[in-house]
Amino acid sequence: MSDWHSWAAIAVFAGAYAPITSELVGDMGSDPHHVMWWALAPGADLGGNATAIGASANVVVLGIAERNRHPIGFWEFTKYGLVVTVATVALSALYLWLRYFALA
């Protein structure tokens, strides 16, 4: 999987949710810098870290590992990838909460 596949997947995800986010933001006051737009970005980007095929860097790591005779299976990768994804999304959510609600 090449790098453009990963970007295409992110674009499809973000593109699918952009109209929903736009409608929600419109209902909340139409601020173009609304927190909902910033919440969409980590969801679209960091969510790709969960599985081996979610991001191009993951596929590269799997190829390098296999070439060095340390193959990593899909579910083995996902077991650790989900932990990383939950942690990074939680940190992003904490940042958004602090930035837009607690310290606003």
Side-chain angles (χ1 to χ4, degrees):
M1 178 179 263
S2 65
D3 195 36
W4 72 269
H5 286 105
S6 180
W7 284 106
I10 291 170
V12 167
F13 177 84
Y17 284 95
I20 297 167
T21 303
S22 181
E23 186 173 330
L24 288 171
V25 169
D27 291 344
M28 295 179 200
S30 309
D31 180 13
H33 301 291
H34 195 275
V35 67
M36 293 293 286
W37 289 113
W38 289 107
L40 178 62
D45 188 39
L46 298 175
N49 294 332
T51 65
I53 59 171
S56 59
N58 301 352
V59 176
V60 170
V61 166
L62 291 177
I64 292 170
E66 187 171 339
R67 193 172 342 134
N68 289 295
R69 296 187 180 103
H70 296 287
I72 302 169
F74 179 85
W75 293 113
E76 182 181 2
F77 185 96
T78 301
K79 178 173 62 174
Y80 296 104
L82 282 174
V83 173
V84 170
T85 299
V86 167
T88 55
V89 170
L91 286 172
S92 295
L94 176 64
Y95 168 75
L96 290 172
W97 178 76
L98 287 170
R99 167 69 173 85
Y100 288 97
F101 299 105
L103 305 175

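On a predicted model such as this, the values are computed, not experimentally measured, just so you know.
- Taken from OH in Tyr100 to OH in Tyr95, the straight-line distance is 6.5 Å, to the nearest 0.5 Å.
- Of all heavy-atom pairs between Val59 and Ala52, the closest is CG2-O, 3.4 Å.
- Residues Thr85 and Gly47 share a closest heavy-atom pair of CG2-CA, 4.2 Å.
- Closest approach of Val89 to Leu46, counting heavy atoms only: CG2-CB, 4.0 Å.
- Within 6.0 Å of the CD atom in Glu66, the count of heavy atoms belonging to other residues, nucleotides or ligands does not exceed 12.
- In the hydrophobic clustering of ILVMFWY residues, with side-chain heavy atoms under 4.5 Å counting as a link, Val84 and Leu82 come out apart.
- Put simply, Leu94 and Phe101 are part of the same group of oily side chains (I, L, V, M, F, W, Y) that touch within less than 4.5 Å, one to the next.
- For Phe74, the CZ atom counts as densely surrounded, since its 6.0 Å shell holds more than 12 non-hydrogen atoms of other residues, nucleotides or ligands.
- Note that the CD1 atom of Ile72 and the NZ atom of Lys79 stand 11.5 Å from one another [nearest 0.5 Å].
- Judged by distance alone, the side chain of Asn49 and the main-chain N or O of Ala55 form no donor-acceptor pair under 3.5 Å.
- Separating the CG atom in Asn58 from the CZ atom in Phe77 is a distance of 3.5 Å, to the nearest 0.5 Å.
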